[in-house]
Amino acid sequence: MSELITAELVDLDLSAETKETAVRALAERLVTAGRVTDLDGFLADVAAREDRMPTGLEGGIGIPHCRSEHVTAPALVFGRSARGVDFGADDGPADLIFLIAAPAGADNDHLSILSSLARRLTDTEFTTALRGEQSPDAVAALLRGEEPSPVPESAPASESAPAPAPAPTPTPTPTPGSGAEAKSEPAGQSPEPFRIVAVTSCPTGIAHTYMAAEALQKAGEAEGVEVVVETQGSGGFTRLDPAVVAAADGVILAHDVGVREQERFAGKPVVDVGVKAAVNRPAELVAEVREKARRGEVSAPAGEAPAADEPDTAGEHFGTRLRKWLMTGVSYMVPFVAAGGLLMAIAFAVGGYEINKAPSVGEHFVWTELASWAALLFQTGGAAFEFLIPVLAGYIAYGMVDRPGLVPGIVGGSIAMTINAGFLGGLVAGLIAGAVVMAIQRLSIPPVLRGIMPVVVIPLLSSLAVGFLMFVVVGKPIAAAQKGMTDWLGGLSGGNAVLLGVLLGLMMCFDLGGPVNKVAYTFAVGGLTNPSDGSLTVMAAVMAAGMVPPLGMALATTVRGKLFTKAERENGKAAWVLGASFISEGAIPFAAADPLRVIPASMAGGAVTGALTTAFGSTLRAPHGGVFVVPLIGQPLLYLVAVAAGTCVTGGLVILLKRRRNTTGTATESPSAAAPAGSGRESRESVPA
């Protein structure tokens with residue numbers, strides 16, 4: 001630990017008023033010490049981590065941290081603030097601030113030491129000593145786990161803050177009860193202690209992962225409960241002994257990234273929360289999982305979540321959770337769209353526009369006929385398209401309740417197709433399926449039925465309930481609403497084609513791969529199942545507009561690089577390729593750092609491109625591919641002109657807005673310095689599909 005923190009990396013009079021200025025002041029010490037090579041790049045990485053989840057903890061602690069390519073060696077900087085700095089904790093500002101910097105490829109030994117420090121922050125004697133020490137050398141020694149030098153008697157709190165015990169190793173060990181378990185067990189139960197296995201993991205895997213583990217173990221010890229924790233941190237993880245998992249009476253999953261090998265805990269009472277919940281209220285989680293076990297409530301946890309999906313965390317608003325559920329469904333649906341749509345597009349290119357009328361290849365296929373191969377491509381793509389709405393509904397329910405939601409969700413999506421409820425029906429079916437499974441899982445189940453709950457009872461009851469609701473109650477109104485919306489948008493594709501293009505362009509660029517973007521995209525893709533000139537024009541406008549945001553940002557960073565940070569200039573190089581490939585998410589790093597300028601500029605460019613594309617009458621038979629499917633575009637030159645025009649509008653407007661910000665004095669620093677610090681204030685989160 002001696003090389004991780006020295007007296008020069010301790011600031012006992014931190015005067016910053018905001019978390020951005022506090023992090024900058026501490027990071028400057030890392031630059032002076034030669035631990036960080038690029039201050040702005042490092043600050044951008046810290047801000048990106050902060051945007052995922054605030055790093056303030058109850059008890060007056062702020063622990064900003066990140067892994068960054070700009071860090072040369074693992075380091076810890078400590079700052080103590082008299083007035084406190086708001087890092088997002090529920091109980092107020094933090095006066096103890098720890099900035100942890102880890103290289104992108106940090107070795108496990110150093111990360112283990114940092115994780116040990118994180119565990120010690122749950123010790124009130126340790127934090128009291130940090131507040132009382134008056135010497136940077138003594139604080140550095142305390143953080144290193146060494147015996148501090150004697151402190152003068154006048155130093156406050158010195159006698160009441162003895163040196164902490166050596167830091168624990170990062171691999172947790174069981175914390176058995178000590179005789180108190182009998183009185184905490186319900187009457188009639190075995191005197192054996194209640195056993196809990198837990199998994200903790202945070203996005204960076206340095207701090208919160210290990211603090212949550214320590215808090216859960218201490219809470220279990222206080223309640224006479226045996227708690228064994230698996231920490232899935234940056235240095236990898238040591239799997240829980242299968243025998244320990246099998247003997248466990250309950251499971252706590254405290255995580256902000258997907259839990260690896262989550263299927264190990266199937267069929268047990270599970271409490272699934274964000275990692276900060278375990279740090280802030282571990283005793284409540286222990287009590288909650290014991291109550292679930294008492295009621296016989298079991299869950300069937302799924303495997304690791306997709307990259308675009310993150311688990312629900314305590315304290316999230318319903319709107320945030322709803323967005324995540326919907327985006328989970330969309331993220332699983334998109335590969336079916338890409339595979340099926342491109343197969344159908346190639347079929348049209350090979351077999352002509354009448355290939356959709358070819359007989360079934362199961363009944364008629366001639367190896368030597370090109371038309372038969374084209375029909376094979378078209379019908380295979382069409383089969384993939386048949387799964388769009390069932391997959392969407394199934395994985396919305398999966399995002400809500402994991403595996404138990406798949407069967408009723410997929411059944412509900414199929415019913416939505418049967419009654420012509422379309423995309424909107426799939427959304428509702430998925431939400432209904434997830435809600436029904438949630439209700440069933442809350443029921444008190446007799447022990448004899450627990451083993452068959454995930455395989456028989458939940459699929460049976462939930463599918464029946466979803467079928468009834470979709471066929472009899474909500475299905476027809478949803479189908480009518482879907483038809484009305486489709487007819488309205490379809491009507492705009494006639495005389496009001498340009499207006500439709502503007503609307504679709506604005507939707508595609510509003511949230512860069514988010515729900516609004518996906519509504520426009522799904523509407524366009526749906527038209528490819530029964531292609532007409534209008535539906536093909538809609539597809540062309542949607543893809544063209546979706547290419548504009550990353551291309552516009554790439555152009556702006558090329559023309560006026562000084563207005564952007566070094567990290568943004570590097571992102572701009574990649575944005576050329578992402579934009580050309582129709583990946584709107586390529587503009588998310590820019591929108592996260594400066595949403596009030598980037599998003600309006602992107603929407604303006606998208607509206608121009610959508611209007612021009614529909615005015616030119618361009619068409620497109622492929623649902624994806626960007627410039628790589630130009631041979632499948634009608635009026636390809638005019639199509640590219642529309643994309644170029646929107647790119648210029650977006651790039652020019654974002655440059656104008658950023659220059660105006662600087663000349664009006666709203667930024668007191670150079671653009672490269674100000675952007676990272678502002679990213680945490682101006683954008684909470686942007687999640688690509």
Side-chain angles (χ1 to χ4, degrees), residues 48 51 308 327 330 334 501-522 524 539-561 563-565 567-614 620 623-628 639-658 675 679 682-689:
D51 283 345
M327 293 307 295
V330 170
V334 166
V502 170
L503 176 62
L504 293 173
L506 292 172
M507 294 174 69
M508 287 298 295
C509 301
F510 173 70
D511 53 1
L512 305 174
V516 176
N517 170 288
K518 288 299 183 285
V519 167
Y521 179 67
T522 306
M539 189 70 249
V542 162
M543 191 167 82
M547 295 164 63
V548 165
L551 290 176
M553 295 303 105
L555 178 63
T557 56
T558 301
V559 174
R560 288 290 187 272
L563 295 173
F564 298 88
T565 67
E568 286 176 328
R569 292 195 294 271
E570 291 300 316
N571 287 332
K573 297 175 183 177
W576 285 114
V577 178
L578 295 173
S581 304
F582 181 42
I583 300 177
S584 304
E585 290 86 344
I588 284 178
F590 302 94
D594 195 0
L596 298 181
R597 294 169 183 83
V598 171
I599 291 178
S602 297
M603 293 176 67
V608 169
T609 295
L612 290 177
T613 303
T614 51
L620 176 62
H624 216 291
V627 298
F628 302 102
Y639 180 88
L640 295 177
V641 167
V643 173
T647 299
C648 291
V649 169
T650 293
L653 187 55
V654 79
I655 288 173
L656 179 64
L657 293 174
K658 283 181 175 288
S679 61
E682 295 177 315
S683 175
R684 178 74 181 96
E685 183 178 30
S686 292
V687 181

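Keep in mind that the numbers below use all heavy atoms, side chains included, and drop hydrogens, waters and symmetry copies.
Heavy atoms only, all atoms of each residue included: A575 and P550 are closest at CB-O, 3.4 Å. Here the shortest heavy-atom pairing between G501 and T614 reads CA-CG2, 3.8 Å. Across every non-hydrogen atom of L504 and A520, the tightest pair is CD2-CB, 4.0 Å. Counting all heavy atoms, side chain and backbone alike, L506 lies closest to A607 at CD2-CB, 3.8 Å. Residues W576 and L551 approach most closely at O-CD2, 3.6 Å, considering heavy atoms. The two atoms that bring A545 and M508 nearest to each other are CB-CB, 4.2 Å, heavy atoms only.
At least one side-chain heavy atom of M547 sits less than 4.5 Å from a side-chain heavy atom of V627.
No donor-acceptor pair closer than 3.5 Å links the side chain of R597 to the backbone N or O of K658.
The aromatic rings of F582 and Y521 sit tilted relative to each other, their planes meeting at an angle between 30° and 60°.
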Could you list the donor-acceptor pairs under 3.5 angstrom formed by side chains in residues 642-654, with sequence neighbours left out?
residue: T647; atom: OG1; partner: V643; partner atom: O; Å: 2.8
residue: T650; atom: OG1; partner: A601; partner atom: O; Å: 3.0
residue: T650; atom: OG1; partner: G646; partner atom: O; Å: 3.3

So I655 and L563, side-chain contact (heavy atoms from CB on, under 4.5 Å) or not? Walk me through it. CA-CA 8 Å; I655 288 173; L563 295 173; 3.9 Å; yes

